[in-house]
Amino acid sequence: MNELVISDRVLAWFAHHGRRGLPWQVLRTAYRVWVSEIMLQQTQVQTVLRYFPPFVERFPNVTALARADLDEVLRLWSGLGYYARARNLHRTARILVNEYDGNLPLDHERLQCLPGIGRSTAGAILALASDQRHPILDGNVKRVLCRHQAIEGWPGHARVTKHLWQLADEYTPHQHSVAEYTQGIMDLGSMVCTRVRPRCGACPLRADCRAHAQARVNDFPEARPRRGLPLRRTTFVVVRRPDGCVLLERRPTVGVWGGLWSFPECSSEKDAKDWCLRRFGQRPAVSLRLPLKRHRFSHFHLEISPIVLDIAAPQRCVMEVDSVLWYKGGESKIGGLPAPVAGLLNGLLPNS
DNA sequence: TAAGCGTGGTT
DNA sequence: TAACCAAGCTT
């Protein structure tokens, strides 16, 4: 088997050990492959399995997605993270309806012009849904290539990335079975050529793997250069009315949790009380400090001080003004909530 | 070019 | 625990 070219060895391995039966593999339309590829960006399969079925059930095709409100799309995306993906998915669906008769263009250049679709996602859509010959380069493929060719340097470095794309292209079969090879090389990376303790004994590429030959499998791929993560502190102001409704506001599109609903933020507890006084003309009757919550983001740590301000003035139960609303669990068609905000709400709302 | 973008799994 | 990473893309 080792005299076979790489793609044939991957295909043979895939035929016996490949991963099958994932929801986007069973009913493999271009739309479902697209949605799954977007969800799978920087996100593990196990996580996507919880989000993909409800999403495609509510939005079974491009038209359904394009017709929906962005808020509803974000609601089904809540907790998945990287919310720009959801905004781009929605925006692209509307472009497809307006310019492509509701279909994804099965064209490498045109796909990459659509929001949220880069080179790898375009390649994956075309390879998996259309069997066209285009390489992909995700984390799994990078790891396989880095080890097989003993590539030095961090894969995120531009020079290394360029090299990896070249290799990914060379490894892709020219004549047939591009879809299966693409699935196979990813499965190989996720099931055999794993980040820690790879199962080299089960690898069809072991015979000519340079990292294995040098007994340096653990040296590849090189880790990202380290930086200390800065700590940001913020205060979540939970303004609560006597009926239990809390004030939420839509966050700006840019920045963390863009376009999602969250609590107003202040720089300190004192600022929060001053802000409450200015906004509602009263000092809160009760102020309750909740435990600090630390959150880890890719580029910083966030320390949240949640403070609950109970105000006395009765106001209309449902106030929806563009980007501000009083929220009481359940009945409202609330848009997307960041996971930490959803967690806080669960502990605060009376009927949840 | 490199920083910014979320959350959960793993060690 | 804290660091690292995951079916990357955008600006």
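Naming convention: chains lettered A, B, ... in sequence-line order (proteins, then strands); numbering from 1 in each chain. No experiment lies behind these values; they were computed from the predicted model shown.
The residue A:Pro340 sits close only to the backbone: its heavy atoms come under 4.0 Å of sugar-phosphate atoms, none of a base. No contact: A:Val48 has no heavy atom under 4.0 Å from any strand. Using a 4.0 Å heavy-atom criterion, one finds that A:Arg119 contacts the sugar-phosphate atoms exclusively. At a threshold of 4.0 angstrom between heavy atoms, the contacts of A:Leu114 are confined to the sugar-phosphate backbone, with no base atom among them. Among the protein residues, A:Ala339 comes within range of the sugar-phosphate backbone only, with heavy atoms under 4.0 Å from sugar or phosphate atoms but none that close to a base. Contact annotation for A:Gly156: no contact, since no heavy-atom pair falls under 4.0 Å across all strands. Counting any heavy atom pair closer than 4.0 Å across all strands shown, A:Gly255 reaches sugar-phosphate atoms only and no base atom. Heavy atoms of A:Trp24 sit under 4.0 angstrom from at least one base atom. In this structure, A:Gln112 reaches neither bases nor backbone, as no heavy-atom distance under 4.0 Å exists between it and the strands shown. Here A:Thr43 lies in heavy-atom contact (under 4.0 Å) with a base.
Picking from B:dT7, B:dT11, C:dG8 the nucleotide with the shortest atom distance to the side chain of A:Val196 gives B:dT11. With distances taken from any side-chain atom of A:Tyr82 to the nucleotides B:dG9, C:dA3, C:dG8, the minimum falls on C:dG8. Checked against C:dC9, C:dA7, B:dT1, the side chain of A:Thr121 finds its nearest nucleotide in C:dC9. Here the nucleotide nearest the side chain of A:Arg85, chosen from C:dC5, C:dA7, B:dG6, is B:dG6. For A:Ala223, taking side-chain heavy atoms from C-beta onward, the closest of the listed nucleotides B:dG8, C:dC9, C:dC5 is C:dC5. Of the candidates C:dA7, B:dA3, B:dG9, the closest approach to any side-chain atom of A:Gln46 belongs to B:dG9.
To the nearest angstrom, C1' of C:dA6 lies 10 Å from CG of A:Leu40. Straight-line distance from the CH2 atom of A:Trp154 to the P atom of B:dA2: 9 Å, rounded to whole Å. For A:Gln44 and C:dG8, the CD to P distance is 10 Å, given to the nearest whole Å. Between A:Arg296 atom CZ and B:dC5 atom P the separation is 16 Å, expressed in whole Å. C:dA2 atom P lies 8 Å from atom CZ of A:Arg294, rounded to whole Å. A straight line from CG of A:Asn88 to P of C:dG8 spans 16 Å, rounded to a whole angstrom. We find that CG of A:Leu80 is positioned 11 Å from P of B:dG6, with the value rounded to whole Å. To the nearest angstrom, P of C:dC5 lies 19 Å from CD of A:Gln41.
Listed here is the closest heavy atom pair of A:Leu302 and A:Trp257: CD2-CH2, 4.2 Å.
In summary, the aromatic rings of A:Phe52 and A:Phe55 are positioned with their centroids too far apart to meet the 6.0 Å limit.
When each of A:Ser36 and A:Ile117 is assigned the nucleotide of DNA chain C with its nearest heavy atom, A:Ser36 is the one assigned upstream, toward the 5' end. In this structure, A:Tyr83 and A:Arg195 both approach DNA chain B, and ranking their closest nucleotides by distance from the 5' end singles out A:Tyr83.
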Trace of the ring-ring contact (aromatic ring centres under 6.0 Å, His included) decision for A:Tyr181 with A:His176: CA-CA 9 Å; A:Tyr181 167 81; A:His176 57 86; over 10 Å; no
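In the displayed structure, A:Arg20 atom CZ is contacted under 6.0 Å by more than 12 heavy atoms of other residues, nucleotides or ligands.
Contact annotation: the side chain of A:Thr235 never approaches that of A:Asp271 to less than 4.5 Å [non-hydrogen atoms, C-beta and beyond].
Distances shown here put every side-chain N or O of A:Trp77 at or beyond 4.0 Å from the OP1 or OP2 atom of B:dT7. Phosphate proximity of C:dA6 to A:Arg143: present, with a side-chain N or O under 4.0 Å from OP1 or OP2. A sub-4.0 Å separation between OP1 or OP2 of B:dA3 and a side-chain N or O of A:Ser298 is absent. Phosphate proximity of C:dG8 to A:Gln42: present, with a side-chain N or O under 4.0 Å from OP1 or OP2.
With hydrogens and angles ignored, no donor-acceptor pair closer than 3.5 Å exists between the side chain of A:Arg232 and the base of B:dG4.
Between the A:Arg250 side chain and the A:Leu260 main chain, no donor and acceptor come within less than 3.5 Å of each other.
A parallel orientation is assigned to the rings of A:His134 and A:His108, their planes being inclined by less than 30° (bins at 30° and 60°).
For the P atoms, the distance linking C:dA7 with B:dT11 amounts to 14 Å, nearest Å. Rounded to whole Å, the separation between the P atoms of B:dA3 and C:dC5 comes to 16 Å. Rounded to the nearest Å, the gap between the C1' atom of C:dT11 and that of B:dT1 is 11 Å. C:dC9 sits 22 Å from B:dG8 when the P atoms are compared, rounded to a whole Å.
Results of the side chain to side chain contact (heavy atoms under 4.5 Å, CB included) test with A:Leu309 over A:Val246, A:Leu288, A:Val237 single out A:Val237 as the only residue that passes.
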